[in-house]
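Chain A is the first sequence line, chain B the second, and so forth, proteins listed ahead of strands; every chain is numbered from 1.
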2 protein chains.
Amino acid sequence: MDQSLICPRFEKAITLLSKRWTGLIIYQLLNGPQRFCTVESSIGISGKVLSDRLKDLENEGIVKREVIPETPVRIEYSLTEKGLAMEPLMKEIEKWSQEWLEA
Amino acid sequence: MDQSLICPRFEKAITLLSKRWTGLIIYQLLNGPQRFCTVESSIGISGKVLSDRLKDLENEGIVKREVIPETPVRIEYSLTEKGLAMEPLMKEIEKWSQEWLEA
DNA sequence: ATAATTACTTACATAAAGTAAGTTAATAAT
DNA sequence: ATTATTAACTTACTTTATGTAAGTAATTAT
């Protein structure tokens, strides 16, 4: 009796967002391209997990990684079109949180 | 250099949704009140974790638990107003998934 | 040659989730 | 009265995920 009526695409999306940190990383990157250490310190994630997540998100086509040969080397992470398309979704989370959660 | 510019309410909301299964449980309950075993089999979560999550969500005021003295006893879980208010958010996730993920 | 900086990686410890068996409580059948 | 049945959990144990802290690679400045 495993009648999964849940759309597999929706399930995949929510599974993505249900991974710890994923949502916050995307939200943070909506502020524009930024480097590893900026994301790390602004959301308080460990370097190890951030490294994992950014790879996952790159594989999903949500995040883009760009090496900028400066001194020392700078690496910029940014959202792809697919990632940027999550903005309305994030706005809805924001809305809900402002209406239903206490400060 | 820990300049967390992220709104604490938003952070709490996304932390909630970043817990494995939370989003799917809420989504499933948008179909209307239902019992433990229905949620369990429709989303494929283990009884143990479902039990934990439903307690968390009850404590957050998102889910309501009602004992119905039938034979055998039936327990119905449903969304509160706060939980129902997540529908637009879920719809946005659905939209994104339909536009950006493959079937 | 040595030090400094960013972006990682590795080894190890702790916490969360999965599995399967067991418990409780309310009847219902024998 | 005893046994069985069913839903809703719990508990004990295993596996997986995350956290912490130290280490490495590459590049350039001194």
Side-chain angles (χ1 to χ4, degrees), chain A residues 1-4 6 11-12 14-29 32-60 63-79, chain B residues 1-4 6 11-12 14-29 31-60 62-79:
Chain A
M1 227 180 275
D2 190 354
Q3 25 71 282
S4 182
I6 293 172
E11 198 169 346
K12 165 137 202 201
I14 208 152
T15 297
L16 249 164
L17 289 170
S18 287
K19 267 203 151 180
R20 207 163 184 172
W21 300 111
T22 302
L24 267 180
I25 293 168
I26 294 169
Y27 182 76
Q28 178 65 25
L29 288 178
Q34 52 203 283
R35 39 167 70 175
F36 192 91
C37 64
T38 306
V39 179
E40 191 176 16
S41 66
S42 62
I43 69 177
I45 190 179
S46 75
K48 179 203 164 194
V49 179
L50 180 54
S51 184
D52 285 357
R53 282 300 175 280
L54 287 171
K55 272 176 208 158
D56 292 348
L57 290 171
E58 225 190 317
N59 289 335
E60 295 292 342
V63 161
K64 189 173 54 188
R65 185 188 127 114
E66 193 181 357
V67 180
I68 294 164
E70 276 183 0
T71 306
V73 70
R74 203 176 89 211
I75 294 178
E76 261 197 3
Y77 291 93
S78 57
L79 295 174
Chain B
M1 224 181 278
D2 191 352
Q3 24 71 283
S4 183
I6 293 174
E11 197 168 347
K12 164 138 202 203
I14 208 152
T15 297
L16 250 164
L17 289 171
S18 289
K19 266 203 153 184
R20 208 161 183 174
W21 299 111
T22 302
L24 266 179
I25 292 168
I26 295 169
Y27 182 74
Q28 179 65 25
L29 288 177
N31 293 327
Q34 52 203 284
R35 37 168 70 173
F36 192 91
C37 63
T38 306
V39 178
E40 192 177 16
S41 66
S42 63
I43 69 177
I45 189 178
S46 76
K48 179 203 165 193
V49 178
L50 179 55
S51 184
D52 285 357
R53 282 302 174 280
L54 287 170
K55 272 177 207 155
D56 292 348
L57 290 170
E58 225 190 316
N59 289 335
E60 294 291 342
I62 290 168
V63 161
K64 192 173 53 187
R65 184 189 127 115
E66 194 182 355
V67 180
I68 294 164
E70 277 184 0
T71 308
V73 69
R74 204 175 88 209
I75 294 177
E76 261 197 3
Y77 292 94
S78 57
L79 294 174

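Between Glu70(A) atom CD and dA7(C) atom P the separation is 10 Å, expressed in whole Å. We find that CG of Leu24(B) is positioned 15 Å from C1' of dA17(C), with the value rounded to whole Å. In this structure, CG of Leu50(B) is placed 15 Å from C1' of dT19(C), rounded to the nearest angstrom. Put simply, CD1 on Ile25(B) is 10 Å from P on dA17(C), counting in whole angstrom units. With rounding to whole Å, Ile75(A) atom CD1 is found 12 Å from dT6(C) atom P. Computed from coordinates, the Trp21(B) CH2 to dA17(C) P distance equals 11 Å when rounded to whole Å.
Residue Arg65(A) is the one, among Arg65(A) and Asp52(B), whose nearest nucleotide of DNA chain C lies closer to the 5' end (criterion: closest heavy atom). Between Val73(A) and Arg20(A), it is Val73(A) whose nearest contact on DNA chain C lies nearer the 5' terminus. Residues Lys48(A) and Glu40(B) both approach DNA chain D. Their nearest nucleotides, taken by heavy-atom distance, put Glu40(B) toward the 5′ side. Residues Ile45(A) and Ser51(B) both approach DNA chain D. Their nearest nucleotides, taken by heavy-atom distance, put Ser51(B) toward the 5′ side.
With hydrogens and angles disregarded, a donor-acceptor distance shorter than 3.5 Å links the side chain of Thr15(A) to the backbone of Glu11(A). Using a distance-only test at 3.5 Å, with no hydrogens or angles considered, a donor-acceptor pair links the side chain of Gln34(A) to the main chain of Gln28(A).
Taking every nucleotide of DNA chain D with any atom under 4.0 Å from a non-hydrogen atom of chain A, the first and last of them, 5' to 3', are dT18(D) to dT28(D).
Between Leu16(B) and Ile62(B) the shortest side-chain heavy-atom distance falls below 4.5 Å. The closest side-chain heavy-atom distance from Tyr77(B) to Val39(B) is not below 4.5 Å. With a 4.5 Å cut-off on side-chain heavy atoms, Val63(A) and Leu79(A) count as touching. At a threshold of 4.5 Å between non-hydrogen side-chain atoms, the residues Ile45(A) and Ile25(A) count as touching. Two residues are said to be in side-chain contact when any heavy atoms from C-beta on lie closer than 4.5 Å; Leu54(B) and Arg65(B) fail this criterion.
A salt bridge links Arg74(B) with Glu76(B): the distance from a Lys NZ or Arg NE/NH1/NH2 to an Asp or Glu carboxylate oxygen falls below 4.0 Å.
In this structure, the helix from dA1(C)-dT30(D) to dT30(C)-dA1(D) shows an angle of 20° between the axis at its start and the axis at its end, each fitted on 5 base pairs and rounded to 10°.
Nucleic acid contact for Lys55(B): sugar-phosphate only, since backbone atoms but no base atoms lie under 4.0 Å from a heavy atom of the residue.
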Next item on the list: Please step through side chain to side chain contact (heavy atoms under 4.5 Å, CB included) for the pair Arg20(A) and Val49(A), ending with a clear verdict.
Entry: CA-CA 9 Å; Arg20(A) 207 163 184 172; Val49(A) 179; over 6 Å; no

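Proximity of Arg74(B) to the phosphate of dA26(C): no side-chain N or O atom is located under 4.0 Å from OP1 or OP2.
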